[in-house]
Asks: 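Questions regarding the structure given below will be posed in turn.
The chains referred to below are lettered A, B, ... by the order of the sequence lines, with proteins before strands, and numbering in each begins at 1.
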Number of protein chains: 2
Amino acid sequence: MKSTIKDVAKMANVSISTVSRVLNNPDIVAKDKRDKIVEAIKQLNYTPNALARGLIHKRTQTLGVLIPDISNLFYAELIKGMEDAARESGNNLIICNTDNNQDRKNASFKVLSEKQIDGIVFTSEPVFPDNYELFKQLGVPIVLAATHSLEYEIPSVKVNDEQAAFDATEYLIRQGHRQIGMISGSMLDPISGLPRIQGFLRALRTHGIELDPDTCIEYGSYHFKDGYEAVKRLHKKFPEMTAVFATSDERALGCISYLHENKIKVPDDISVIGFDNTRMAGMCFPKLTTVAQPLYEMGQLVIRKLDRMINGEPLEELRTYMDHWIEERETVYNLTK
Amino acid sequence: MKSTIKDVAKMANVSISTVSRVLNNPDIVAKDKRDKIVEAIKQLNYTPNALARGLIHKRTQTLGVLIPDISNLFYAELIKGMEDAARESGNNLIICNTDNNQDRKNASFKVLSEKQIDGIVFTSEPVFPDNYELFKQLGVPIVLAATHSLEYEIPSVKVNDEQAAFDATEYLIRQGHRQIGMISGSMLDPISGLPRIQGFLRALRTHGIELDPDTCIEYGSYHFKDGYEAVKRLHKKFPEMTAVFATSDERALGCISYLHENKIKVPDDISVIGFDNTRMAGMCFPKLTTVAQPLYEMGQLVIRKLDRMINGEPLEELRTYMDHWIEERETVYNLTK
DNA sequence: CTGAAAGCGCTTACAG
DNA sequence: CTGAAAGCGCTTACAG
């Protein structure tokens, strides 16, 4: 049986108040008693009950994290950053896998609320009005990771997707490509869909490249298989393309897999650039050139922001946009040489 | 401000006992009061405080999970299985990344203990005597995932590593390979090191293949980079090898990366078989043939076992060994054709 | 069927 | 410097 503060008090022959004091403010108690109490704590292997403490302090040092798909490598890096930052600030994470499912999302909010978490991080998905209602009901600080909201005043940390897509496309153009295809998420996705398409098209425009969006863009979900299928359709309707911008590493790998199978060489025949720079990008063959997001650092920053809000400290900025960069590896061919 | 049971009681004009009853045993309270209370709960957006409940019931519906390296894809699948099973049984997971670091492990045990978690899962690492002491001190049920202990009576779920390594090696032999190298974890690792070496050597012996372990085995950590370095050394001292068994997918990919770079074709010149069957295995090129572990199912089973123990139900078996299989893809060449 | 009271394990004014 | 008491938000016998 776990020992309680009462057991310690009894063993040390003091009141529980005094035990509580050596736990929270040791200097204030007389050395002899303090020593006896410390000894009793060790003997009994006592650890304070965080539930009781939480009830009093209205603080649990626990943060809730909503993740759409925990088996995605993207979140592995992000979670690691959050986990490390949480440890630094004395917090623990309860991670809820929502499976892109609204019911599970609601259920997660409910248990997190019951467990009295101090704050919440909401990942990747757009904030719809009903989500916002839930946030307000929860009544705890919230930070958005890898997503943001322009409608609501919610702190967020992400990359500038439009600019990142612009840079990726421009990078291909600088390597001499002009027939460029894109494999994208839905235009209806206001976070990683539409903005990346806009960035892509802006780069084309900026460099005077005229391509019909209907023929140079193909859509699909972010899974490997979807990248595979999308590039098949894309290649069929746009056979002259020399490069493709796939807006996730997984899509890019699916894309490369299809091309390989059809004896189309990457990058010699068709170049591929991905998005995310998950660890996979450096482990595949050929190694994937990709738009890098600082996932680990994003995770850290999200938790640090959240911790500030919980402590009532002011935020330097509401919406933080972190720097992305092009991680040059082996899947883009330089046509200008 | 979050509303409490008092607020609900006041609004519904009843005592808090009655509110508590409609929460826990609604049938027992008169319909008119019940309706008023339900209405008040909705109005106030009341959710019960799990801390207070936990204090009374000595149950938090929260499980602690210790993971050595959360950014490893291996754990992504495992965690997903655990997460899903936990949701089914009404539990939440607190995941602690230990970074293979003893201090962090101790710290994690401490906070998990303070948070009054109902059970714990300990992943991948061998159970040393001091770990066992910690387990006992925690005083909650524990299950081992992807590891086991022969010294202590602790429930566990894993694959039979010796047999899996045997099967992988025999698979290569059946494909006509006789000059087979191995890239392994340390012989000092009693979980995924030594047993796999033993299985490898047993397969060689069984098929009358005489190879000196010193020349056909090379060691390294499980990271991509280590697989890369290890195969470099292995190939130098064992140039006639036609196949290599790398005991993790990451090692295998590092290995393939090195071979590619040195114009050694996989599988035409050298075949590679991995271990784990993480999602990466199906996304790389060529697609990795590997020993598959049912990671998702392992995760589920671990949590189900733990939940049983917490509920005082008997376990069908202490140490569960799940079936592995060879996932045939594209990195092993059949020499017999 | 319902309320008052005790108690879960702590912390924190309040006296002394 | 230290102890008794109240209270955090609930549940659960105990009366009635």
Side-chain angles (χ1 to χ4, degrees), chain A residues 1-38 40-41 44-62 110-118 139-140, chain B residues 1-38 40-41 44-62 110-118 139-140:
Chain A
M1 209 46 226
K2 242 169 197 166
S3 52
T4 72
I5 200 171
K6 267 190 196 164
D7 302 321
V8 176
K10 197 169 296 169
M11 177 177 270
N13 250 301
V14 295
S15 74
I16 61 165
S17 312
T18 308
V19 177
S20 179
R21 282 185 196 101
V22 339
L23 255 26
N24 298 301
N25 198 357
D27 302 336
I28 230 141
V29 2
K31 187 166 183 333
D32 56 329
K33 303 215 177 192
R34 198 199 314 149
D35 288 348
K36 269 205 294 195
I37 292 171
V38 168
I41 287 175
L44 292 168
N45 214 278
Y46 168 73
T47 67
N49 184 322
L51 299 183
R53 282 184 159 176
L55 206 49
I56 294 165
H57 289 138
K58 297 179 183 323
R59 265 268 228 155
T60 53
Q61 310 280 55
T62 307
K110 184 143 176 278
V111 312
L112 291 176
S113 169
E114 293 184 355
K115 293 206 165 148
Q116 314 296 119
I117 45 122
D118 299 331
V140 298
Chain B
M1 208 48 227
K2 239 166 200 167
S3 52
T4 71
I5 200 172
K6 268 190 196 166
D7 302 322
V8 177
K10 198 170 296 170
M11 178 177 269
N13 251 303
V14 294
S15 73
I16 62 167
S17 313
T18 308
V19 177
S20 179
R21 282 185 196 102
V22 341
L23 254 26
N24 299 298
N25 198 358
D27 301 336
I28 231 141
V29 2
K31 188 165 183 334
D32 57 330
K33 304 215 175 193
R34 198 200 315 152
D35 288 347
K36 268 205 293 191
I37 292 171
V38 168
I41 287 176
L44 293 169
N45 213 277
Y46 168 74
T47 66
N49 184 322
L51 299 183
R53 281 184 160 177
L55 207 49
I56 295 165
H57 289 136
K58 297 175 182 326
R59 266 272 225 150
T60 54
Q61 309 282 54
T62 308
K110 186 144 173 280
V111 311
L112 291 176
S113 169
E114 292 183 0
K115 292 204 166 149
Q116 314 297 117
I117 45 120
D118 299 331
V140 298

Asks: Pairs in or reaching into residues 11-31 of chain B: which pass salt bridge (Lys or Arg N to Asp or Glu O under 4.0 Å), with residues at least two apart or in two chains?
Replies: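 Residue pairs with at least one partner in residues 11-31 of chain B: B:Lys31-B:Asp35.
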
Asks: Regarding B:Lys115 and A:Thr62, do their side chains bring together a donor and an acceptor under 3.5 Å, going by distance alone?
Replies: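 Checked: B:Lys115/A:Thr62 side chains pair up, N/O donor to acceptor below 3.5 Å.
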
Asks: Which residue pairs satisfy the salt bridge (Lys or Arg N to Asp or Glu O under 4.0 Å) criterion with at least one member in residues 48-62 of chain B, sequence neighbours excluded?
Replies: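 The answer is B:Arg59-B:Asp118.
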
Asks: State which residues pass salt bridge (Lys or Arg N to Asp or Glu O under 4.0 Å) with A:Lys110; sequence neighbours excluded, sorted by chain then number.
Replies: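 Checked A:Lys110 against salt bridge (Lys or Arg N to Asp or Glu O under 4.0 Å); matches are A:Glu114.
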
Asks: With sequence neighbours excluded, what pairs up with B:Ser17 under the side-chain hydrogen bond (donor to acceptor under 3.5 Å, both in side chains) test?
Replies: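 Per chain and number, B:Ser17 pairs via side-chain hydrogen bond (donor to acceptor under 3.5 Å, both in side chains) with no residue.
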
Asks: In dot-bracket notation, what is the pairing pattern of DNA chain D, taking Watson-Crick (N1-N3 plus N6-O4 or O6-N4) and G-U wobble (N1-O2 and O6-N3) contacts under 3.5 Å, with [ ] crossing and | for other strands?
Replies: |||.||||||||.|||

Asks: Please list, chain by chain and in numerical order, all residues satisfying side-chain hydrogen bond (donor to acceptor under 3.5 Å, both in side chains) with B:Asn13, sequence neighbours excluded.
Replies: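 Here no residue qualifies.
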
Asks: Give the B/S/- string for nucleotides 8-16 of chain D, one per nucleotide from 5' to 3', where a protein heavy atom under 4.0 Å of the base yields B, of only the sugar-phosphate yields S, and otherwise -.
Replies: BBBBBB---

Asks: Who are the side-chain contact (heavy atoms from CB on, under 4.5 Å) partners of B:Lys6, not counting sequence neighbours?
Replies: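 For B:Lys6 the side-chain contact (heavy atoms from CB on, under 4.5 Å) partners, ignoring immediate neighbours, are B:Thr4, B:Ile16.
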
Asks: Among residues at least two apart in sequence or on other chains, which ones pass side-chain contact (heavy atoms from CB on, under 4.5 Å) with A:Lys10?
Replies: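 Per chain and number, A:Lys10 pairs via side-chain contact (heavy atoms from CB on, under 4.5 Å) with no residue.
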
Asks: Considering just the side-chain nitrogens and oxygens of B:Thr18, establish if one lies under 4.0 Å of OP1 or OP2 belonging to C:dG3.
Replies: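 Indeed, a polar side-chain atom of B:Thr18 lies that close.
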
Asks: Any side-chain N or O of B:Lys33 under 4.0 Å from OP1/OP2 of C:dC1?
Replies: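 No, no such contact exists.
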
